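Source: prediction; values computed, not measured. Chain identifiers are assigned alphabetically (A, B, ...) following the order of the sequence lines, protein sequences preceding nucleic acid strands; residue numbering begins at 1 within each chain.
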Amino acid sequence: MSKITALDLAKNQKEISVAEFFERNKHILGFGNSTRALLTSIKEGVDNSLDACEEVNILPDIYVEISNHEDGECRVIIEDNGPGVVKKQIKHIFGRLLYGSRFHAIRQSRGQQGIGISAVVLYGQLTTGKHATVISKIQEDRPAAVLELAIDTNKNRAEVINQTITHWDKPSGTRVEISIIADYKRGKRFVYDYLQSTSIVNPHAQITYKEPDGAIHVFERTSEVLPRKSVEIKPHPYGIELGTLIKIAKNSKSRKLSSFLKTEFSSMGDRTVNVVCEEAQLEKNLNPKDMTRNEFLAIHKAFKKVKIMSPPTDCLSPIGETLIKRSLKHETREISPEFIITASRPAATYSGNPFQIEAGLVYGGNLPKDSSVKIMRFANRVPLLYQQGGCITTEAISSIDWRRYGLEQKSGKGIPSGPAIFLIHMSSTQIPFTSESKEAIADVSEIENEIRLALRICARKVQHHIHKKVRRKKTKEKFELITKILPEIANKSSKMLNKPVPSLEAIITEIMDVVWIEDLIEYEKVKSNDVKPVQTTLIDEKMEKHGVGVITKSTIMVVNYKRKPQKFNLYVLIPEDAVVGMVEPKPVKISDKYIKWNLDDIPSADKVDIIFELAGLEEGDFDENDIYTEDINPSFVIGADKWEGD
Amino acid sequence: MVKDYSNVIKKIDSIASKIYDDLQKPEIPYLNLPTRSKSNIQFDEKLNVWKYGSNQIERSAKSLDGAMMLLRTMYMVDFIKQMIKVKKSSTLREMYYISEGWDLGKFHSQNESNLLAEDLEVITSCMREDFKLRPEEDGARVIGNLTIEELTRNNRKKKIHCQDDVGDSGYTIPYNVESEKINFKSIDADFIIAIETGGMFDRLVENRFDTSYRAILVHLKGQPARSTRRFIKRMNEESNIPVVVFTDCDPWSFRIFASLSYGAIKTAHISEYLATPSSQFLGVTPSDIENYKLPTDVLSREDIKSLKSELTDPRFQDQFWKNEIKLQLKLGKKSEQQALAKYGLDYVTDTYLPEKLTEMGMIKK
């Protein structure tokens, strides 16, 4: 056998085409089988549409249609009311793999999570041989462009097969139609789940979905407010790779190391720059373009040793507790859950990347009681539907003992079972996925810790709720006793004996022997002139637009059924998104979390009504008062808990 | 004879007064009554039966349940007072339905209203007949050589001979068996045999056990009604005829014997009217299962629980019962009266009963 030389090998060595690359890696790109391919195609399209709309402050209106032909071919249509794409960019965005603006920016976006819409175009071309059609309109008074695209797989370039113009009713928008081989029968459940989940974490989006049989599902918009725009930030020194550091230096306009470090990175002030240079034993005046690899390595090492402030976290765009609650409520209304709880953690960082965890919990109603809880995972408002077992969120849920909170769990570990849905949302400039398919969040201890803390807040609220339910039942019983049964006993006995009915006040006090607190929440529609919001994160656009809003009015009745006068402090929690309107009687403090009253000497058998109004919320956003008391024995009180401090 | 109810009304009014006075004091109204459970019965040496002990429970308006009970009590005493006034009576079931109109005071099951009627008996030391309340069920049957004189609804005294004047199903015991209603004119028998099941009663009737052995046969119909127990007691006391009890062999049947002989826990306040302390248990005993090699069933979990509970029941503390119950637990088996048919239809009357009765000294060889 003759010896094979490098020259022989070289004959077979050539650049592989994108098509080949795609073919070989399609499983990690989300096209591994025809079920996944359907979902991935829709996901890429919808994620793009949402990002595009938000970028230009348009409330997204997204239309998804699947038509199913025989022999396993589906035509997938995704249409939005976004800004559209300028004609000459269309072939790049839809016809070149790994082309786009978001790859290079450090900010919270959906786009970083997929390979891109062009992969769908390529997949369609490879499996059906058909071309994709893109319609785009960028301006109200101009016609829409219609392009038929094919991808030249050798060059990774799009070819425009055909182009024309058309009239389109929309002011602007993009529509893509792609034929793919996909298993609709098995994939349809995932598509529905994905769109529903997407709607939950994107309450500002309206999504309409038309199935092949003509059935139309509308996932309604529940918030008229666009999410806060995520801001692009510079990389933080803690998270940077050596290669990236060198690349940034090459492109930098800075001529000195000190100004390079200060301008190209987050959290680098003069003092920190000095400390880093000292640690790396490098001159501050070095020109970054002349630096050697070893010098960069010294900087890179110094980054790890020096204490650097966390990156700014205002670049994140979390959903917010009120909106999560509202959309969970909307999407689970057929289940009529017993309660919905949300929790939000402050922003934190891992390896220089800011992130924030939000959690939600839906409990009871028609949810199945004996199967595992449903876990809904989201990263930057995108649902994660596969690889639940390998995700850090699942691990965090499993590590908590849920048995005290009305769920079942073998030996207090693992995924609990019971009538509940868990929701976890991570927002970050950089989501650490376990793999390229981007379906599971990797095991990062800072993240797991934050998820666990968010879940613990939920758990505490669940317990609070359960206590409240028990208490409320007792309260109701006592109330029935004193208002109905006791007077009836008095009536009956006096009638039998022909004597006057005795007065019951003293006995009622004796039987109750508590301070009784009960609340009532009402919603009132008002004209916008009546309310003047002072501060809010949820600017109620609806109110501004239509001149109508909702006032959430709470009435808290405090009755002293003790024999002696009572004096104590009362607190109610208010959502941070809300604006406090009228409050009666005058409180001693209103913070962004609570209102506090000093209740002075309520005489025995007397009552006090406390009223406060909240604006900036929709009907049902605030449906339960959390009431606390201070400076009174908690066992004297029914209807409130002991105040444990801020 | 018109009964005088003034004492009953006085007692009923005293309940209303107690509540009314409490309200006026003011004090949270309450009523006390004996705990009606196994743990609170004790043997009354004088009466020779089991009565309630001194443990009391308080029904107070402090809790919702307690207040509900007081309200129902008020409704019930008022209802009883009305019935006495208009000279009517009602069945316990009728009262349960009437309570539908008692608004908050209405009962959720007849068992609740029956129990409260018993509570009232306990509190007032009246009998429910004094309250113009009567039970549903009765219909237990008697066959034997005895003549009863019954005052019928037409106010006529009618004599009935419980062999010659009745069919094979016997004389039916009415719910009221006091002397104002029935009297025993003549009895000629050596013993009374109280039988748990209808099937066995009919077997003894068909085999003419009443004539061949000079027996009075009484069908208990499971747990015997008050009137059945009272009827047996009166026969036993007035004519001095011994009573034997013949039941299945399982824990529930032993309780039938206990309530007939010692007094039932539920009605311990009137045990001296209802129980026949001299009655004896004939069988089927757990020993019989072994001695007669009877066909058996396995004890269920409830059976075992119930047998164990009987071991701590003060009424079953004599040596005979302790041994038999322990034996049954050891065997893990139970059996029925009719299992004796294994040896033929006549075996029970020709062999089993004569043997057992001879053993007990009821008949001579």
Side-chain angles (χ1 to χ4, degrees), chain A residues 467-518 559-565 603-606 633-639, chain B residues 5-6 8-31 58-86 98-99 101-108 116 120 123-124 131:
Chain A
H467 282 170
K468 208 160 164 181
K469 207 169 89 184
V470 173
R471 217 171 41 207
R472 200 169 272 170
K473 197 175 154 239
K474 263 194 208 149
T475 310
K476 224 183 115 201
E477 285 182 354
K478 282 247 166 177
F479 200 71
E480 186 166 305
L481 196 165
I482 57 156
T483 56
K484 292 185 185 158
I485 298 175
L486 201 64
E488 195 59 26
I489 292 176
N491 269 338
K492 219 55 203 170
S493 61
S494 44
K495 221 155 108 198
M496 271 183 76
L497 303 169
N498 276 325
K499 288 182 179 174
V501 181
S503 150
L504 295 176
E505 234 169 65
I507 291 191
I508 286 173
T509 315
E510 183 111 356
I511 289 177
M512 298 297 283
D513 198 26
V514 287
V515 172
W516 176 316
I517 301 176
E518 209 185 349
V559 192
N560 180 13
Y561 284 122
K562 300 286 293 180
R563 260 166 296 176
K564 287 183 181 156
S604 178
D606 213 350
N633 183 340
S635 65
F636 289 180
V637 181
I638 286 188
Chain B
Y5 282 97
S6 61
V8 179
I9 289 179
K10 215 165 98 194
K11 282 177 165 171
I12 278 179
D13 276 348
S14 74
I15 297 178
S17 299
K18 161 78 176 74
I19 302 292
Y20 187 86
D21 292 347
D22 284 347
L23 288 170
Q24 202 127 53
K25 265 176 201 171
E27 204 173 81
I28 299 173
Y30 71 96
L31 286 174
E58 189 187 271
R59 292 227 169 109
S60 156
K62 201 164 180 147
S63 75
L64 182 69
D65 288 349
M68 282 292 249
M69 285 308 285
L70 290 184
L71 180 59
R72 286 171 181 162
T73 307
M74 297 318 295
Y75 270 106
M76 196 181 273
V77 293
D78 191 30
F79 171 67
I80 291 166
K81 209 175 158 184
Q82 292 305 319
M83 280 201 299
I84 292 173
K85 232 188 222 164
V86 298
I98 282 167
S99 89
W102 293 357
D103 197 21
L104 291 164
K106 82 174 190 193
F107 295 102
H108 301 298
L116 185 57
L120 282 182
I123 295 171
T124 59
F131 299 152

Ranked by heavy-atom pairs below 4.5 Å to chain B, first place among K499(A), E480(A), K478(A), K484(A) goes to K499(A)
Toward chain B, the part of I482(A) with a non-hydrogen atom under 4.5 Å: neither
Nearest non-hydrogen partners of I485(A) and A67(B), listed with the distance: CG2-O, 3.6 Å
Calculate, to the nearest 0.5 Å, the distance between atoms CD1 and CD belonging to I507(A) and Q24(B) respectively. 9.5 Å
Nearest heavy-atom pair of I511(A) and K62(B): which atoms, and what distance? CG2-O, 3.9 Å
Answer yes or no: are there more than 12 heavy-atom neighbours, outside E505(A) itself, under 6.0 Å from its atom CD? no
Ignoring hydrogens, what is the shortest heavy-atom contact between S493(A) and A16(B)? Give both atom names and the distance. CB-O, 3.9 Å
Rounded at 0.5 Å granularity, tell me how far CD in E510(A) sits from CD1 in I28(B). 4.5 Å
With side chain to side chain contact (heavy atoms under 4.5 Å, CB included) as the test, would you mind laying out the steps for M496(A) and Y20(B) before giving the verdict? CA-CA 10 Å; M496(A) 271 183 76; Y20(B) 187 86; over 6 Å; no
Is P500(A) in contact with chain B via its backbone, its side chain, both, or neither, using a 4.5 Å heavy-atom distance? both
Looking only at non-hydrogen atoms, find the nearest pair between P502(A) and L23(B) and report the distance. CG-CB, 3.8 Å
Test side chain to side chain contact (heavy atoms under 4.5 Å, CB included), reference I489(A), set L70(B), L104(B), T73(B), D22(B), output is L70(B)
Nearest 0.5 Å, please: how far is CG in D21(B) from CG in L497(A)? 8.0 Å
